[in-house]
Amino acid sequence: MRRPIIAGNWKMQKTVRESVDFARQLMIAYAAESPDRRVIVAPPFTSIYAVAEVLMGSGIHLAAQNLHDKQAGAFTGEISAAMLVDAGCEYVIVGHSERRTLFGERDDVINRKLRAAISFDLRPIFCIGETLEEREAGRTFTVVERQIKEGLNNFAADDIKPIVIAYEPVWAIGTGRTATAEQAQEVHAYIRTVMGRAYGDTLAGLLNVIYGGSVNPGNIGGLMAQPDIDGALVGGASLDVESFVRIIQY
Ligand code: 13P
């Protein structure tokens, strides 16, 4: 049985004060919630420690939005897995499409970041997804399969267990244009098939594959009704407590 995950990716938004206020309000709203789903927030780096202090013991989990693959050293401007664990993170988003397209992260870099995360017991939320051009060229399955294989290159079954895969079609991110529940389900099922071929159906059946791209309180129910959609990675609609809680309560 896969427990649904609802994660909010705040991207480059919210000051420390705004983040702390959000966390406090979310705790109040979430306290009444059933514990049958896992709620995660991913604030910007500057807010992580302050939010961790607020959320301690709340059952709400913390993610970072990126990491560097090296443990420490002369890498100006970068943050390591050990630092994220120290600040209170349990999860880290790796390979988000904005990192891939705006910051040139390729599959080999993402592979090293995934490795760094799991070696520090940080659970990666590993993002994959095709562009509009790739979808229109009929290459969706080929692209996500390549991203999975190269991202998880040299990963054994034990390495896979902590990973959450997030399918985020690039054309649906921040555009208001969600994939239909059926379009998302088709790709999620394919992702599970690819993982099953590589690591066996039992393990693939336990993996959380979550969807991201213009998720909102109105479309979450239809997405979550699909058999292979195990949660959501929410951008814009996670920035407001009320709308995020409505998504959590889908
Ligand atoms: P939106 O929900 O704003 O489309 O963003 C999705 C996303 O990129 C989450 O990581």
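One-based numbering along the sequence shown. Read the numbers this way: they start at 1 and go in the same order the structure lists the ligands and their atoms. All values below come from the heavy atoms of this structure, side chains included, with hydrogens, waters and symmetry mates left out.
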Side chains of residues 217-231: which donor-acceptor pairs under 3.5 Å do they make with residues two or more places apart or in other chains?
{"residue": "Asn219", "atom": "OD1", "partner": "Asn216", "partner atom": "N", "Å": "2.8"}
{"residue": "Asn219", "atom": "ND2", "partner": "Thr178", "partner atom": "OG1", "Å": "3.2"}
{"residue": "Asn219", "atom": "ND2", "partner": "Ser214", "partner atom": "O", "Å": "2.9"}
{"residue": "Asp228", "atom": "OD1", "partner": "Arg192", "partner atom": "NE", "Å": "2.6"}
{"residue": "Asp228", "atom": "OD2", "partner": "Gln185", "partner atom": "NE2", "Å": "2.8"}
{"residue": "Asp230", "atom": "OD1", "partner": "Arg2", "partner atom": "NE", "Å": "2.9"}
{"residue": "Asp230", "atom": "OD1", "partner": "Arg2", "partner atom": "NH2", "Å": "3.3"}
{"residue": "Asp230", "atom": "OD2", "partner": "Arg2", "partner atom": "NE", "Å": "3.1"}
{"residue": "Asp230", "atom": "OD2", "partner": "Arg192", "partner atom": "NH2", "Å": "2.7"}
{"residue": "Asp230", "atom": "OD2", "partner": "Val209", "partner atom": "N", "Å": "2.8"}

For the residue pair Phe244 and Phe22, does the interplanar ring angle fall in the parallel (under 30°), tilted (30 to 60°) or perpendicular (over 60°) class?
tilted

Using 4.0 Å as the upper bound for N to carboxylate O, is an ion pair formed by Glu98 and Lys11?
yes

Going by the rule side-chain hydrogen bond (donor to acceptor under 3.5 Å, both in side chains), which residues pair with Glu145 if we only count those two or more places apart in sequence or in a different chain?
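Per chain and number, Glu145 pairs via side-chain hydrogen bond (donor to acceptor under 3.5 Å, both in side chains) with Lys149, Tyr190.
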
From Met27 CE over to Ile60 CD1, what is the distance, rounded to the nearest 0.5 angstrom?
6.5 Å

Anything under 3.5 Å between an N or O on ligand 1 and a protein N or O? List each pair with its distance, or write none.
{"residue": "ligand 1", "atom": "2 (O)", "partner": "Ser214", "partner atom": "N", "Å": "3.4"}
{"residue": "ligand 1", "atom": "2 (O)", "partner": "Gly235", "partner atom": "N", "Å": "2.9"}
{"residue": "ligand 1", "atom": "3 (O)", "partner": "Gly236", "partner atom": "N", "Å": "2.9"}
{"residue": "ligand 1", "atom": "4 (O)", "partner": "Gly174", "partner atom": "N", "Å": "2.6"}
{"residue": "ligand 1", "atom": "4 (O)", "partner": "Ser214", "partner atom": "N", "Å": "2.7"}
{"residue": "ligand 1", "atom": "5 (O)", "partner": "Lys11", "partner atom": "NZ", "Å": "3.3"}
{"residue": "ligand 1", "atom": "8 (O)", "partner": "Lys11", "partner atom": "NZ", "Å": "2.8"}
{"residue": "ligand 1", "atom": "8 (O)", "partner": "His96", "partner atom": "NE2", "Å": "2.7"}
{"residue": "ligand 1", "atom": "10 (O)", "partner": "Asn9", "partner atom": "ND2", "Å": "3.0"}
{"residue": "ligand 1", "atom": "10 (O)", "partner": "His96", "partner atom": "NE2", "Å": "2.9"}
{"residue": "ligand 1", "atom": "10 (O)", "partner": "Glu168", "partner atom": "OE1", "Å": "3.3"}
{"residue": "ligand 1", "atom": "10 (O)", "partner": "Glu168", "partner atom": "OE2", "Å": "2.9"}

Does any pair with a residue in residues 102-115 pass side-chain hydrogen bond (donor to acceptor under 3.5 Å, both in side chains), and if so which ones, sequence neighbours excluded?
Asn66-Lys113, Asp69-Arg112, Arg99-Glu105, Arg100-Asp107, Glu105-Lys113, Arg106-Asp108, Asp107-Arg146, Arg115-Asp159

